[in-house]
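These notes are about the structure you will find just below.
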Amino acid sequence: PLLGVRKAELCDYLIRKGVKWREDITNSVDDNPRNALRLNVLPQLEALYPGASRHMADASASLRQDEACLTALADDLFCRAYHRQEGVLALETGPLASAPAALAVRALRRFYREAAALKPLAPGERDLSREDSQRLLSLLQEAPGCVANLPNDMEMYRGAAHLFLLPHQLLLLAGGL
């Protein structure tokens, strides 16, 4: 909540209010990327472009708002396209193919995360790379029968009107769908 407040402003405020605080000595050592940026890069950037830190904080706030809006729209798209029948997870291709790419790719990522959550994976293993996400997006334009290999032995199969997310072994046993 205090990302937009400079340290000097915060210290001045605390002094005026008579509040004592504790400094974490590790914050003054540039031995990790976060501290190196904060202690070395940002001051140089601010010297070259006064106000740069404030502009980056403002841009970050705007991007968070945009991301929240896109996520809400993509969640709605996902809910309209999602089907689960007899343990098989599917997405209708029509709504995804007609949606803007930014929404479709978010819905596809959510589809993968939901399926991956059914496997014994850590939360960080449930995310797709940009390359994997783009591969799924292009699968919407492919002919039925095409497959995209995904992390954690998962595959997305392109059916006539649906995308199916299946474990690799199941797709092999079924001989494709």
Side-chain angles (χ1 to χ4, degrees), residues 1-82 89 91 96 99-140 148-156 163 165 167-168:
L2 297 174
L3 290 176
V5 180
R6 299 183 60 140
K7 181 180 179 181
E9 293 172 301
L10 182 57
C11 290
D12 288 344
Y13 175 81
L14 294 172
I15 290 169
R16 284 194 317 273
K17 296 294 184 179
V19 176
K20 294 182 181 183
W21 69 90
R22 182 178 171 270
E23 294 279 340
D24 182 345
I25 59 168
T26 64
N27 286 338
S28 62
V29 181
D30 65 357
D31 62 350
N32 65 60
R34 180 182 156 272
N35 284 355
L37 277 170
R38 190 172 40 78
L39 296 172
N40 302 322
V41 176
L42 288 177
Q44 289 178 356
L45 188 62
E46 196 65 40
L48 291 169
Y49 305 101
S53 296
R54 174 69 60 197
H55 293 304
M56 288 187 293
D58 291 346
S60 178
S62 293
L63 289 171
R64 280 192 302 276
Q65 285 179 328
D66 292 351
E67 182 59 28
C69 178
L70 288 170
T71 298
L73 292 170
D75 285 347
D76 179 62
L77 174 63
F78 172 83
C79 290
R80 285 187 284 125
Y82 180 75
L89 306 177
L91 283 179
L96 293 169
L103 297 181
V105 78
R106 282 170 173 78
L108 289 163
R109 284 184 194 144
R110 177 173 171 189
F111 187 45
Y112 177 80
R113 277 193 312 273
E114 300 243 346
L118 300 175
K119 297 179 81 175
L121 300 173
E125 296 175 310
R126 298 178 191 158
D127 292 324
L128 291 176
S129 67
R130 183 179 190 291
E131 181 182 333
D132 289 329
S133 299
Q134 293 302 311
R135 186 177 316 122
L136 293 184
L137 199 56
S138 68
L139 192 60
L140 289 171
N149 294 317
L150 298 170
N152 301 307
D153 289 324
M154 299 291 287
E155 292 186 324
M156 186 84 71
L163 293 175
L165 190 56
H168 177 70

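- Proximity of a side-chain donor or acceptor of Gln134 to a complementary backbone N or O of Glu131 within less than 3.5 Å is not detected.
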Could you please spell out the steps behind the side chain to side chain contact (heavy atoms under 4.5 Å, CB included) verdict for Leu96 and Leu137? CA-CA 9 Å; Leu96 293 169; Leu137 199 56; over 6 Å; no
Kindly indicate, with the supporting measurements, whether the criterion side chain to side chain contact (heavy atoms under 4.5 Å, CB included) is fulfilled by Phe111 and Met156. CA-CA 10 Å; Phe111 187 45; Met156 186 84 71; 3.6 Å; yes
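- Taking all atoms of both residues into account, the shortest heavy-atom contact from Ala107 to Leu91 is O-CD1, 4.4 Å.
- Listed for the Asn152 side chain is no donor-acceptor partner under 3.5 Å among the backbone atoms of Met154.
- For the atom pair SG of Cys79 and CG of Leu77, the computed distance is 9.0 Å after rounding to the nearest 0.5 Å.
- Using modelled atom types, one finds a donor on one side chain and an acceptor on the other under 3.5 Å when comparing Thr71 with Glu67.
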Any chance you could lay out the side-chain hydrogen bond (donor to acceptor under 3.5 Å, both in side chains) test for Asp30 and Asn35, step after step, and finish with the verdict? CA-CA 5 Å; Asp30 65 357; Asn35 284 355; over 6 Å; no
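- In this structure, the side chains of Lys20 and Leu14 stay at 4.5 Å or more apart for every pair of heavy atoms.
- Checking side-chain atoms of Tyr112 against main-chain N and O of Pro151 turns up a donor-acceptor pair under 3.5 Å.
- Proximity of a side-chain donor or acceptor of Arg135 to a complementary backbone N or O of Arg130 within less than 3.5 Å is not detected.
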What verdict does the side chain to side chain contact (heavy atoms under 4.5 Å, CB included) test give for Asp24 and Asn27, after you've listed the backbone C-alpha separation in whole Å, the side-chain angles of each residue and the deciding distance to 0.1 Å? CA-CA 6 Å; Asp24 182 345; Asn27 286 338; 3.6 Å; yes
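- Qualifying side chain to side chain contact (heavy atoms under 4.5 Å, CB included) partners for Arg113, counting only residues two or more places apart in sequence or in other chains: Arg109, Arg110, Arg126, Asp127.
- Remark: the backbone N or O of Ser53 is paired with a side-chain donor or acceptor of Glu46 at under 3.5 angstrom.
- Here the closest non-hydrogen pair linking Ala102 and Val105 is O-CG1, 3.6 Å.
- Of the charged side-chain nitrogens involved, none lies within less than 4.0 Å of a carboxylate oxygen, so that Asp12 and Arg16 do not count as a salt-bridged pair.
- Here Leu89 contributes atom CG and Leu163 contributes atom CG; the two are 12.0 Å apart, rounded to the nearest 0.5 Å.
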